[in-house]
2 protein chains.
Amino acid sequence: MITTKDLARLAGVSQSTVSRSLNNSPSISEKTRNRILQIAQEQGFEFNANARGLSTNRTDTIGIIYPEDFTDLSYHLFLSFLHNDLRESLERKNFDMITSFAQNRFSGANNIKKLIIQRKVDGLIIVRSRLDPETMTFLQGSGIPFVFLHYYDPSIEQMDRVYTDHLHGGMIATEHLLSLGHKRILCITTAGEGTEYEYRTDGYRLALQKYGIGIDEKLILQNNGSFKATYNQFLEEPDRIKGVTAIFAQKDIMALGVIEALAQMNIRVPKDIAMVGYDNIELGTYFRPYLTTVHQPREQITRLACERLLELIASKRVKRGKEIKIRPKLIIRESCGAFRDDTPMEQQ
Amino acid sequence: MITTKDLARLAGVSQSTVSRSLNNSPSISEKTRNRILQIAQEQGFEFNANARGLSTNRTDTIGIIYPEDFTDLSYHLFLSFLHNDLRESLERKNFDMITSFAQNRFSGANNIKKLIIQRKVDGLIIVRSRLDPETMTFLQGSGIPFVFLHYYDPSIEQMDRVYTDHLHGGMIATEHLLSLGHKRILCITTAGEGTEYEYRTDGYRLALQKYGIGIDEKLILQNNGSFKATYNQFLEEPDRIKGVTAIFAQKDIMALGVIEALAQMNIRVPKDIAMVGYDNIELGTYFRPYLTTVHQPREQITRLACERLLELIASKRVKRGKEIKIRPKLIIRESCGAFRDDTPMEQQ
DNA sequence: CTCCTGAATGCATTCGTATGCATGCATAAT
DNA sequence: ATTATGCATGCATACGAATGCATTCAGGAG
């Protein structure tokens, strides 16, 4: 393995001159720098990241903390697309990604601490996770830049975060159904996986309120958020939909479960019951009726989070605690019964 | 940040004694070791990975190379589950994962080289990718342990690999249909994304041959492998299925596309046409008819690949170039018309 | 009592890069 | 010619842990 010392020998200069040349230090003459870059190129020189990290305490590495609850298909889809988006943003700036989870499932070790103290990552992106108070304290005390992605709860009010305005999302979904004349709208939600669903439900409530419609708590259903659970829930208790003319399912995958269950019961969508989903997953455009849904600008949000993080890394003086909240958009297709629109999905 | 030198001062010993204690060197007395471990614990000591890596050239980091062609939903699902499986295996042994792609999309840099030379990863898992010859040469010359996962082509004959026997998979899928009396079986495949599909097609051919049925090349269809492409292909050229009584789709997602297209054409599955898919994705058990499919033991394969890699890392003397080829299994559900089986999916 | 042995610990150096400070050298100002 | 100026480079050290070799010390053998 070739080192800066080797290059120095070859160029007949000192190791420090080589180092400065490779790092574009201004105090090196154009001529020397070029000669050294030339030799480095020829020799296929690459920095030793460990030595560099030891010396500078920077590693050009970003830690990505993924959520633990890898439960169903839609999470996997979400995370995989997200990972790809992260790559797009970070690779562009020549950062590497080290992926982890808040905790080691076996040793119980705190991976966030480990990434910071041991690995010396330059920053962290924490995806859709709530952290325990101890980790939170540590994180803030460490001074390391971090951004919460796709997550918000009041406890992170003072921290950097980029996420979707789910209250608004829930509202536009419900409003759309209301505007189509529906009055008894079932809302299917899920819990225990995070809090965005509470906001979506709040949006649902607000929309009804805006239209002067009282909230019937019996119209708010809950399950574990999977296709199967939703499907079964509807088949097992068909009287849930008595009098209901529209349904707002807070995840597309749940909406599909509902539609499939309704199909078994010979209830047609949107003719008999209108449906709106949430997430805009590709799957929503596979089967008829194509799903009307709320589009999460996943790609945009991820890009913004990376940009923000890199900004924080670039300068210690940037004020921390910025909130970036993005409004989702309603995508009208077939399942709501408004009209039929075959325009191709935007970004999934 | 607390260092071994700090611990040494606190314990009244030398830094080397601390280092040896923390690394369980046999030459340290039980008493000293325990005292030092105690102090390290109290102080919340953590190794500096950079210093350690610089000194030992080991980093407890595995590089994961993902395939570039993140095209459709089924790839995302596949990779996300895979990532989770990798975590399971590597976290258990306290390795970190640094995820990458063979090439930097922007700078064009060779990430594999970078991971090895700069990051000094201890090993590489190369997921479902063919590497260019130059990288291949470099990889072999580097001496670093690596394992190809979910991939095989004859050029890696001398290298470690863990993958599914897709020829066998294609064969059992086809044989199953043959055993149900079908003679004219359409085979839908895809290309340009890797070579496993060629093996699946070979399996199809072999099965027909075994049953003494001539191969009609017109019965082998090809598209880009997505739901939509398959769906459209069938709607646009309905005479493709003239005389066909069964279809073997080489990806579940394609099978679902076929079924949806057939539904549009009022052709029932399995009554009019029997279907077998491949992959055993969760989605195949969402909609009726539940999909008969070939189960890829993804989890098992991933585990074996990790174990193999760690074995190579643990000892330089282990002979390289082992092949681990796992046979997939047929999961019979509804779409093939054999019988109805509601047993829950095994692992997805 | 002396010498030897071996276990336990310390010393000094190494890994590869970055960087503060000293130095050298050419040019310009006097 | 002499001195000040500033650019370009080298020297020396630090970063934190690992490790070969030297040293110390206790206990046993002679």
Side-chain angles (χ1 to χ4, degrees), chain A residues 1-37 39-40 43-61 94 96 113-122, chain B residues 1-37 39-40 43-61 94 96 113-122:
Chain A
M1 230 64 316
I2 180 131
T3 70
T4 49
K5 202 190 277 180
D6 298 328
L7 297 182
R9 197 171 25 74
L10 289 170
V13 296
S14 72
Q15 181 267 333
S16 41
T17 297
V18 172
S19 174
R20 280 189 252 261
S21 297
L22 296 173
N23 288 303
N24 290 315
S25 159
S27 69
I28 295 289
S29 73
E30 195 78 9
K31 208 177 115 203
T32 312
R33 185 202 322 287
N34 287 337
R35 189 161 53 91
I36 290 174
L37 289 180
I39 296 176
Q43 301 291 319
F45 170 81
E46 305 266 2
F47 281 112
N48 178 321
N50 289 318
R52 229 174 183 207
L54 179 58
S55 194
T56 60
N57 261 326
R58 296 195 69 235
T59 53
D60 291 333
T61 308
N94 262 303
D96 283 333
K113 248 183 186 158
K114 186 179 173 194
L115 287 180
I116 296 174
I117 305 189
Q118 294 195 5
R119 296 275 174 204
K120 302 269 186 283
V121 295
D122 295 337
Chain B
M1 230 64 317
I2 180 132
T3 69
T4 50
K5 201 190 275 180
D6 298 327
L7 296 182
R9 197 173 23 75
L10 289 170
V13 297
S14 72
Q15 181 267 333
S16 42
T17 299
V18 172
S19 174
R20 280 190 252 263
S21 296
L22 296 172
N23 288 304
N24 292 315
S25 156
S27 68
I28 297 290
S29 74
E30 194 78 11
K31 209 177 112 203
T32 312
R33 184 200 323 284
N34 287 336
R35 190 160 53 89
I36 290 174
L37 290 180
I39 296 175
Q43 301 291 322
F45 170 82
E46 304 265 4
F47 281 112
N48 178 321
N50 288 319
R52 232 178 180 203
L54 180 59
S55 191
T56 60
N57 260 325
R58 297 195 66 234
T59 53
D60 291 333
T61 307
N94 263 305
D96 283 332
K113 246 181 187 159
K114 183 178 174 193
L115 287 179
I116 296 174
I117 305 190
Q118 294 196 4
R119 298 274 174 204
K120 302 266 185 284
V121 295
D122 295 338

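Lettering follows sequence order; numbering is per chain, from 1. Computed from a predicted structure; not experimentally measured.
Only one option out of B:Leu37, B:Leu22, B:Thr17 pairs with B:Leu7 in a side chain to side chain contact (heavy atoms under 4.5 Å, CB included); it is B:Leu22.
Contact annotation: the side chain of B:Val18 never approaches that of B:Arg9 to less than 4.5 Å [non-hydrogen atoms, C-beta and beyond]. The side-chain heavy atoms of B:Ile36 and B:Arg20, taken from C-beta on, include no pair separated by under 4.5 Å.
To the nearest 0.5 Å, the span separating OG1 on B:Thr4 from CZ on B:Arg52 amounts to 10.5 Å.
Across the protein-nucleic acid pair, B:Arg35 atom CZ and C:dA8 atom P stand 14 Å apart, rounded to whole Å. Between B:Ile117 atom CD1 and C:dT17 atom C1' there is a gap of 16 Å when expressed in whole angstrom units. Look at CD1 on A:Ile36: it is 13 Å from P on C:dT17, rounded to the nearest Å.
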Base versus backbone protein contacts along nucleotides 15-28 of chain D [heavy-atom cut-off under 4.0 Å; B, S, -]:
BBBBBB--------
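Of all heavy-atom pairs between B:Asp122 and B:Arg58, the closest is OD1-CA, 3.4 Å. Pairing each heavy atom of A:Met1 with each of B:Ile117, the nearest pair is SD-CG2, 4.0 Å.
At a threshold of 4.0 angstrom between heavy atoms, the contacts of A:Thr32 are confined to the sugar-phosphate backbone, with no base atom among them.
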